[in-house]
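Some notes on the structure that comes next.
None of these values were measured; they are calculated from a predicted model.
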Amino acid sequence: MDPLRIRRLRRPELPADTLTLARYLIGKILVRENPASIANRRIAGRIVETEAYVIGDPSGHAFHGLTPANRSLFLRRGHAYVYFIYGSCYCMNVSSEGPGIGAGVLLRALEPFQGVAAMKRRRGTSRLRDLARGPGRLAAALGIDRRYDGLDLCARGPLWIGITSQPAGAIGESVRIGLSREKERVLRFYERGNPFVSGPQRLRA
DNA sequence: AGTGCGATTGACT
DNA sequence: GTCAATCGCACTA
């Protein structure tokens, strides 16, 4: 199989619980397609870092119940939840349970895979390592904003998740980054040794 | 209607 | 390593 060929994942292939999905997504490909443009039609990156926000998690955006802003977290697994934070950044989750159960997997970093020139343009930098290292940069590199909230990532469309013949490397784990609650739980996963991972490659910072 | 906070980034030392 | 910017959303009244 051509290692560059990307096949879209079908929903039944996604693990049905948040923790397993967070591990499973490492090494998969996040694809952004722009049907409006012939040039730079596709931007894609290998997912190299994720965090699980599990059922009943006090750090999860679903913790206080369903609201208009977080409703995508309650969709059946495999939908995008995009939120805006710190006045300048968008972050993207993959809903992981449901329907009706609020939980998700935060995508924290991508290794550029396709459309590097377009990513550099969107990010305003030429530093390959910084294109999608961090959840806000990831969204910026692919042009993801609230318009993509609620999108089915297992369907044809501008944003979906795929798989190649290249398997993920060894998976490292750690506590999650930047939280004030539930600091101790080991719910962050990353591809070991990958330079596109955003945070420390050890259990605790 | 007003207040406080946050799953971050980029600039700077 | 430190730190300020910035604004949508939830909460209080």
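- Evaluation of the ring pair (Phe, Tyr, Trp, His ring centres under 6.0 Å) test over residues 85-115 of chain A, restricted to residues two or more places apart or in two chains, returns F84(A)-Y90(A).
- Going from atom CG of L9(A) over to atom SG of C154(A) covers 7.0 Å, rounded to the nearest 0.5 Å.
- Counting only residues at least two apart or on different chains, the side chain to side chain donor-acceptor pair (under 3.5 Å) pairs with a member in residues 74-83 of chain A are H61(A)-Y81(A).
- There is a side-chain donor-acceptor pair under 3.5 Å between D149(A) and S72(A).
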Atom pairs, N/O to N/O, protein against nucleotides 8-13 of chain C, distance under 3.5 Å?
from: dA10(C); atom 1: OP1; to: T67(A); atom 2: OG1; distance (Å): 2.3

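- The interatomic distance linking E49(A) (CD) with dT8(B) (P) rounds to 10 Å, in whole Å.
- Electrostatic pairing of R176(A) and E51(A) does not count as a salt bridge here, judged by no charged N lying under 4.0 Å from a carboxylate O.
- Using a 4.0 Å heavy-atom cutoff across all strands shown, S88(A) reaches no nucleic acid atom at all.
- Results of the side-chain hydrogen bond (donor to acceptor under 3.5 Å, both in side chains) test with S198(A) over R188(A), R133(A), R137(A), R108(A) single out R108(A) as the only residue that passes.
- With D17(A) contributing its side chain and T20(A) its backbone, the two residues share a donor-acceptor pair below 3.5 Å.
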Exercise. So K28(A) and E13(A), salt bridge (charged side-chain N to carboxylate O under 4.0 Å, His left out) or not? Walk me through it.
Worked result: CA-CA 12 Å; K28(A) 302 303 183 291; E13(A) 296 177 87; over 6 Å; no
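- A straight line from CG of L138(A) to P of dT9(B) spans 9 Å, rounded to a whole angstrom.
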For this session: Fill in the dot-bracket string of DNA chain C, one character per base: . for unpaired, | for a pair to another strand, ( ) or [ ] for pairs within the strand, taking Watson-Crick or G-U pairs under 3.5 Å.
Result: |||||.||||||.
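- Remark: the backbone N or O of G169(A) is paired with a side-chain donor or acceptor of E191(A) at under 3.5 angstrom.
- Looking only at distances, no side-chain donor or acceptor of T50(A) sits under 3.5 Å from a matching main-chain atom of L107(A).
- Side-chain N or O atoms of N70(A) include one that pairs as donor or acceptor with a backbone N or O of T67(A) at under 3.5 Å.
- Between Y90(A) atom OH and dC7(C) atom P the separation is 10 Å, expressed in whole Å.
- Within residues 104-114 of chain A, the residues having any heavy atom closer than 4.0 Å to DNA chain B are, in order of number, L106(A), R108(A).
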Close N or O pairs between protein and nucleotides 10-13 of chain B (under 3.5 Å):
from: dG10(B); atom 1: OP1; to: R123(A); atom 2: NH1; distance (Å): 3.2
from: dG10(B); atom 1: OP2; to: R137(A); atom 2: NE; distance (Å): 2.6
from: dG10(B); atom 1: OP2; to: R137(A); atom 2: NH2; distance (Å): 2.8

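- Distance, Y86(A) OH to dG4(B) P: 18 Å, rounded to whole Å.
- In this structure, the OH atom of Y83(A) is 4 Å from the C1' atom of dA7(B), given to the nearest Å.
- A salt bridge does not link E173(A) with R192(A): every distance from a Lys NZ or Arg NE/NH1/NH2 to an Asp or Glu carboxylate oxygen is 4.0 Å or more.
- Rounded to whole Å, the distance from CZ on R176(A) to P on dG6(B) is 14 Å.
- Side-chain contact between L30(A) and L159(A) is present, with heavy atoms from C-beta onward closer than 4.5 Å.
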